[in-house]
Amino acid sequence: MLKDTYCGDLRASDAGRTVRLAGWVHRRRDHGGLIFIDLRDSHGIVQLVFTPDRPEVHAVADRARVEWVLAVEGEVRLRAPNTVNPRLPTGEVEVVPIRCEVLNESLTPPFYINEPADVDERVRLTYRYLDLRRPEVARVIRLRHEVVRFIREFLYARGFTEIETPTLIKSTPEGARDFLVPFRHRPGYFFALPQSPQILKELLMVAGFERYFQLARCYRDEDFRANRVAEHTQLDLEMSFVDESDVMGLIEELYTEIARRFGNGRILQSPFPRLDYFDCMERYGIDRPDLRYGLEQVDITEPLRGTTFNVFASVIAAGGVVKAIRVPGKADFTRRELDSLTEIAKGGGAKGLATIAWLPGGEVRSPIAKFLTPAEIDGIRMRTEACEGDIVLIVADEREVAARSLHLVRDELGDRLGLKDPSVLAFAWVTGFPLLEWRPEEGRWDAMHNPFSGFRPEDEPLLDTDPGRVVSRQYDLVMNGQELGGGSIRINKRAQQEKVFSLMGYSKEEMEARFGALLRALEYGAPPMGGIGAGIDRLIMALVGTDNIRDVIAFPKTSNGTDPMLGAPSPVDPEQLRELGLMLTPEAERNVREAAEL
RNA sequence: GGCCCCGUGGUGUAGUGGUCUAACAUGCCACCCUGUCAAGGUGGAGAUCGGCGGUUCGAAUCCGCUCGGGGUCGCCA
């Protein structure tokens, strides 16, 4: 080893020791004779002091520049009391080198490593290895390591077996688009990268492992978002002989402990509240509500039944609903503020946003008041429990549109009114989802979550008579408006699984071609089983309080799915294509040619 | 695929029709400087304003197209 001590570890108690350090020049302060160099390594920063009385050592410090790599041997000494730096953990000491060697020089970095600066993300990603040198960036990656390590130890201690599953599997056309990998030995055949190890983990239960987990890389070839990338990591686990409460209880214990150890916030409610899907949609208009604040949706259809106000009357007559959010103390929203909220509501499909404000003193201010009777207005006030000084925001539409629009309004109000307290972790479970949803354009049912989710036993007859009313044994873990994970108790009988597939429009032949392995396995004593897949990236995001998923990934891709550092993806050699039995379309050819010319 | 925002020395920004021969901060280079820790001081180099085309007597600035980045809707069982 070129070093025997980490820079960041030195403390007053090390005074007098002779240490060998190695690291990067973080900063250099040249006073002419006296030169200070802050030397940084993976543990932190310590100050080196160079004086002219060792000319050959001083000369090295004189040449050295930011990000050069130095090896140093020297004595740790206490700083004079007036030169202690309380902002550094090592600030009570400094190292006086008796030897200093340049291990490598460095170009001037393209951006600051020694201070937090808001640098263009593309530049950061192109030089990600430099970006990761910045302590605040590296901190997140290290935290991720600690969390993952804790998860592993937590599950090992509870008898889980960690098992890897293949990343080259079979493509299935459901759900997200697959990433495909051509198979050279049989041109025309493709592997797919897994969207999750779902089927494989069920097969591990059939195999008798009883408790499995894996930190699984999952791939989806869809468009990206601030919290969504092509490849993400999932805590994937599955247990045999369990019901919902076993899985939820285990995950709740795990996440509570993670939040306690690694989070910088407090858990709002423990045990995590469990919301029924329909109730949740009714109150929040979304199946992943942010429970850090109220502003719940209230159905005010009833007091308006029989109204002569045509906007509401026609919606009610068509079977729609009128829903409202009461915003306490915001009767003074300006016209401009209300206009922008209206635009947000329209983004959810609403035709507009009606408002009624009760001013201090009792006066009602509302563009629609003249179309409503005093009794109707009073009915709205009672339903929403509005008081003087409050405003009520109203959407009338089909149930889904009204719910979605008011969800968007509520979300915006949460931001605008500063209700999203970053120090609060509002976990919740959402359960009671419908098993299936109707796809009118395709004339078939589709699984709301995944086609392997089980359903309440008492609902089995409904599969024949009224499939839309079958309630699944799915559970979603949500926190602060984000979905952190989801799982279910699975179907473990072939006949039930086939029934669900047939409702989804599959023939026996298609079932066999796509899911033959699973169906067959279910006939060989598949145990009752259930599990969960929980997004690790989003968990870390929540713990560090970022809304950018790239912050928690060491080498992330840009939002268009490319890697500017490696230059991936890239065209490949024509010979490689030939081997794989692939040909480019003319458009693809042109694409490659044009890129080559740039 | 649609929509919104952004693109000016290495980095971050200012400049929204002529006063821009492009400003500021920081970084970089040189010199001075022995207690700093975002060290300080003096001087210097560095951008034809993402690209192409158009409008105009005149474009960083206006228009069109395009490339790149960020966000979002669709999509994401």
Side-chain angles (χ1 to χ4, degrees), chain A residues 26-39 45-53 58 65-67 79-88 90-91 94 96 107-127 130-131 172-178 195-196 198-199 218-230 232 343-344 346-349 404 408 411 433 435-437 439 444-453 472 474 483 486 488 500-501 504 514-515 533 535 547-550 557-562 564 594-595 597-598:
Chain A
H26 191 66
R27 228 179 257 287
R28 183 172 159 278
R29 292 176 294 281
D30 185 347
H31 289 233
L34 189 65
I35 299 173
F36 298 101
I37 284 179
D38 292 338
L39 195 66
I45 288 168
V46 73
Q47 172 167 283
L48 311 178
V49 191
F50 297 84
T51 49
D53 42 284
H58 187 266
R65 290 295 180 268
V66 164
E67 298 309 317
R79 297 196 192 185
N82 59 319
T83 63
V84 164
N85 184 349
R87 302 216 307 276
L88 276 183
T90 62
E94 58 196 7
V96 187
L107 296 174
T108 301
F111 50 84
Y112 312 106
I113 286 158
N114 51 20
E115 54 190 271
D118 199 12
V119 178
D120 183 81
E121 210 172 23
R122 174 160 185 105
V123 179
R124 289 177 55 195
L125 292 185
T126 304
Y127 297 94
L130 298 180
D131 195 34
T172 53
E174 289 74 35
R177 219 171 278 119
D178 281 327
Q195 296 178 28
S196 86
Q198 181 65 38
I199 290 176
C218 303
Y219 303 87
R220 287 176 189 178
D221 184 10
E222 296 292 349
D223 287 356
F224 313 115
R225 289 291 183 281
N227 64 358
R228 224 166 67 195
V229 279
H232 74 281
E343 285 312 305
I344 284 159
K346 284 180 177 170
R404 182 169 60 238
L408 295 175
D411 187 51
F433 293 88
L435 182 71
L436 299 161
E437 57 191 349
R439 293 276 160 111
R444 64 181 188 93
W445 293 94
D446 197 8
M448 190 151 172
H449 281 91
N450 80 46
F452 317 112
S453 288
S472 83
Q474 168 82 23
E483 183 185 333
S488 64
V500 171
F501 283 147
M504 290 169 62
R514 291 174 188 180
F515 304 107
D547 52 14
N548 185 343
I549 197 167
R550 289 171 226 108
K557 298 189 169 44
T558 64
S559 80
N560 68 13
T562 65
E594 280 170 7
E597 282 161 8
L598 286 177

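Note on naming: letters A, B, ... go to the chains in the order of the sequence lines (proteins, then strands), and numbering restarts at 1 for each one.
Side-chain N/O atoms of A:Ser559 include none lying less than 4.0 angstrom from OP1 or OP2 on B:rG69.
A donor and an acceptor atom, one from each side chain of A:Arg27 and A:Gln47, are nowhere located under 3.5 Å apart. A:Asn548 and A:Arg550 share a donor-acceptor pair across their side chains, judged by distance under 3.5 Å alone.
When the P atom is used for both B:rG74 and B:rU55, the distance is 42 Å, rounded to whole Å. When the P atom is compared between B:rA38 and B:rA45, the two are found 30 Å apart, to the nearest whole Å.
Across all strands shown, B:rC24 forms a Watson-Crick or G-U wobble pair, both distances under 3.5 Å, with B:rG12. Pair assignment for B:rA60: none, as no Watson-Crick or G-U wobble contacts are both less than 3.5 Å.
Evaluation of atom-type donor-acceptor distances gives a pair under 3.5 Å for the side chain of A:Asp223 against the base of B:rG74.
A:Asp178 pairs by the side chain to side chain contact (heavy atoms under 4.5 Å, CB included) definition with A:Ser171, A:Leu180, A:Ala192, A:Gln195, not counting sequence neighbours. Looking at residues two or more places apart in sequence or on another chain, you find a ring-ring contact (aromatic ring centres under 6.0 Å, His included) between A:Phe515 and A:Phe452, A:Phe501.
Of the candidates B:rC76, B:rG69, B:rU11, B:rG69 carries the atom nearest the A:Asn560 side chain, counting heavy atoms from C-beta on.
In this structure the side chain of A:Glu67 never reaches within 4.5 angstrom of the side chain of A:Leu130, judged on heavy atoms.
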Base versus backbone protein contacts along nucleotides 33-41 of chain B [heavy-atom cut-off under 4.0 Å; B, S, -]: BBBBBSB--
